[in-house]
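Following: one structure in structure tokens, then a few remarks.
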Protein chains: 2
Amino acid sequence: MRYTLAELTERAQHLLKALTERYIRDGQPVGSRVLARDVGLNLSPATIRNVIADLEELGLVRSPHTSAGRVPTVSGYRVFVDTLLSVKPLELSLVGTMKESLGSGVDTKELVQKASSLLSDVTRLAGIVTLPRRNHAALERVEFLPLSEKKVLAVLVLNNKEVRNSILHTARSYSSAELQQFSNFLNAQFAGKELSEVREKLLSELRETRETLDRMMATALEMADQVLGTAEQGSDYVLAGQTNLMGVTEFCDVGRLRQLFEAFNEKKELLGLLDQCVENEGVQIFIGDESGYQMLDECSLVTAPYSVEGKVIGVLGVIGPTRMAYERVIPIVDATARILRAALNSQD
Amino acid sequence: MRYTLAELTERAQHLLKALTERYIRDGQPVGSRVLARDVGLNLSPATIRNVIADLEELGLVRSPHTSAGRVPTVSGYRVFVDTLLSVKPLELSLVGTMKESLGSGVDTKELVQKASSLLSDVTRLAGIVTLPRRNHAALERVEFLPLSEKKVLAVLVLNNKEVRNSILHTARSYSSAELQQFSNFLNAQFAGKELSEVREKLLSELRETRETLDRMMATALEMADQVLGTAEQGSDYVLAGQTNLMGVTEFCDVGRLRQLFEAFNEKKELLGLLDQCVENEGVQIFIGDESGYQMLDECSLVTAPYSVEGKVIGVLGVIGPTRMAYERVIPIVDATARILRAALNSQD
DNA sequence: CTTTAGCAGTCTCGCTCGGCGAGTGCTAAC
DNA sequence: GTTAGCACTCGCCGAGCGAGACTGCTAAAG
């Protein structure tokens, strides 16, 4: 008898579920005997074996070697998390504790770090949170301060929350009064607009102004352009609890572990992966090498986007072995995304 | 025959040196046979054995088990690095490359990160650099900007180089003009003074002013106090190249490795250790558990302080297995300290 | 047609055992 | 003081073996 994925017998589903859960719990190949006792159905090991053989043919489970039990394959996990998993809601008390531990962060970066630690603490795996990309942040105001000969400090205030500053090296010195004029001019023009918009407008104005030869305006615009150029914060993430992964039996091999940690340092690849999650709403899961990055072999990544004012500005998640307690990790990631969003929104 | 540490035979010294160097190279206990061939002196293994036996009695070497060669003990390493080691000067070309790779960092933090990476890249071990503690930094100026209702952005410029900002939550709103007044007042009073001095003076003025009931001054001073309180950056360090340690054979045990990495995350203890190096000039070395922190068992720490304008403001160094190539690491750490100092000083 | 018992076969794991090689410490001779 | 010789001690490694765990197949039972 032959099933397609869509029409797995109820029994087969049941067994795949039991097998996966058991394997996640114990980490050891599970055989027909234990499965027979574990699952509610009153079946003999022999019967179980028949069904399991079918599952193996479908590529959902495999045995590490003859005469060991079976373990789920990547496809097996996929089916498990997509259709078989019953996610238990989080205990309210835990959610409370989580909220608290994130609670009072004022600084955005601090919040992100706390969220990452939170994820790793609660799941006992590695937590990862991207820094918010506020492309849509509104420019609140710009301020220029003279520092010294030919050096000007530019202060950018975004959304009343975030502050970025950068030091500009200018061709000549500017007086306080001059800089004040620049600030006023720019604030009048751009305050309240989105950064991307500001940038665009800036360039067009710059072109226009060059023709009219208004020195002051041109200089101001040039300065602003410089600031925006440098202030574009390279997207990045904060990782926490890497050491938790060292306790995981799957990574007892140092070479394996090293590969993983080097992937963490690379950042680029992992960021690419995380970026894919920005679009999809809700929790998303990458299992094993599904991601295409073989450094994440034997790893799973559970992610959720987080947003502020309705716009997704980042992704957070958990990295752990494929054999992780999904039914627990998923609601935790989900909850953390909500908590972080709340914290960011209530930031005053 | 019995030596005290001070009066090791020339021959004994020679042998200890050869043994240590050999062990550092190969990582395996070295026996009398290889030692006899290795060292210039024309001696038979039997003779070597006699001398080595004396070294063992002094606690400078030990054998992991009967009938394996000898390895240096912590004391052995100590004697080795203190009196036997001949440090070869660094190739100029390497110094050049190092300078370059650090070269153009404008931001202090960026420089520190680059220095850390540099150390780890060149030594193939873990690099560590503390963030500069600029207790003696001069306060260049203070600026307050109104953000919104009851929120004020304070910008601190130090030494014409570093900028710190913090957001203050105030009891009532302040107008631009008011804040401008505060800034002017504070700048007139404190600009150019050292931070610690500013703080001190601030407190006394605050007390005095309360009596004269000058509202404006009092508020300004209070604000300044708040800023200084928050701006005190918690001392911290930047680590790089931890993954290099995973290649080291000494740390092939995951448990061991985990302990080490958790020590890195703790930060406090390691910082305490690094602080000890601030006082001593030049390169300093902690071998194995000499530091008192047993998480650094089997590790050595090679450090050097770095300074700006004659004042030591931080420490940098390398963490690796006790069995590291000291004669190479030491000059690298030394050079990096000088290069970082130069880079920080030339920061304009 | 489904389910089950029984059985032979296969593979891993952990254990012991013995040989090998390396290196020491001692003693006696140079 | 130096050296050769020798007995002895270990750690390492591979072979061999038994136990245990499952499977897949076949044939009988429901």
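Note: hydrogens, waters and symmetry copies are ignored here, and every other heavy atom, side chains too, is used. Just so we're on the same page: letters track the sequence lines, and every chain starts at 1.
Across the protein-nucleic acid pair, Arg70(B) atom CZ and dG11(D) atom P stand 15 Å apart, rounded to whole Å. Remark: P of dC1(C) and CG of Asn50(A) are 15 Å apart, rounded to the nearest angstrom. Between the CG atom of Leu55(B) and the P atom of dT24(C) there is a distance of 12 Å, rounded to whole Å. Per the geometry, CG belonging to Leu15(A) stands 11 Å off P belonging to dT3(C), to the nearest Å. For Leu35(A) and dT23(D), the CG to P distance is 9 Å, given to the nearest whole Å. The CZ-P distance, from Arg62(B) to dT24(C), rounds to 14 Å in whole Å. Per the geometry, CG belonging to Asp54(B) stands 13 Å off C1' belonging to dG1(D), to the nearest Å. Rounded to whole Å, atom P of dG25(C) lies 6 Å from atom CD of Glu56(B).
Nearest nucleotide to the side chain of His65(B), out of dT4(C), dC10(D), dT2(D): dC10(D). In the set dT23(D), dT3(C), dT3(D), dT23(D) carries the atom at the smallest distance from any side-chain atom of Arg49(A). Among the nucleotides dC22(D), dT3(D), dT24(C), the one closest to the side chain of Ser44(B) is dT3(D). Here the side chain of Ala46(B) is nearest to one of dG25(C), dT3(D), dC25(D), namely dT3(D). Candidate nucleotides dT4(C), dG24(D), dT3(D) were compared by shortest atom distance to the side chain of Leu43(B), and dT3(D) ranks first. Here the nucleotide nearest the side chain of Thr47(B), chosen from dT3(C), dT3(D), dT10(C), is dT3(D). Of the listed nucleotides (dC11(C), dG24(D), dA22(C)), dA22(C) has the atom at the smallest distance from the side chain of Ser67(B).
Salt-bridge annotation for Arg328(A) and Glu21(A): absent, with no side-chain N of the basic residue lying under 4.0 Å from a carboxylate O of the acidic one.
Between Cys299(B) and Thr322(B), the shortest heavy-atom contact is N-OG1, 3.6 Å. In this structure, Pro321(B) and Val248(B) approach most closely via the heavy-atom pair CG-CG1, 3.6 Å. Closest non-hydrogen pair, Ile285(A) versus Glu290(A), comes out as O-OE1, 4.0 Å. Scanning all heavy atoms of the two residues, the minimum distance from Gly127(B) to Ser116(B) falls at O-OG, 3.1 Å. Nearest heavy atoms, Tyr237(A) versus Leu274(A): CD2-CD1, 4.3 Å.
Contacts between residues 17-30 of chain A and DNA chain C, defined by a heavy-atom separation under 4.0 Å, are absent.
Taking the six-membered ring where the residue is Trp, the centroids of Phe261(A) and Phe261(B) are separated by under 6.0 Å.
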Practice item. Step by step, work out the side-chain hydrogen bond (donor to acceptor under 3.5 Å, both in side chains) result for Tyr77(B) and Ser300(B). Key: CA-CA 10 Å; Tyr77(B) 276 118; Ser300(B) 282; over 6 Å; no
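Counting atom types as modelled, Arg33(B) pairs no side-chain N or O with a base atom of dG23(C) as donor and acceptor under 3.5 Å.
Within 4.0 Å of Ile52(A), counting heavy atoms only, lies no atom of the nucleic acid at all. In this structure, Ser32(A) reaches the sugar-phosphate backbone alone: every heavy-atom distance under 4.0 Å involves primed, P, OP1 or OP2 atoms, never a base.
A sub-4.0 Å separation between OP1 or OP2 of dT2(D) and a side-chain N or O of Arg11(B) is present.
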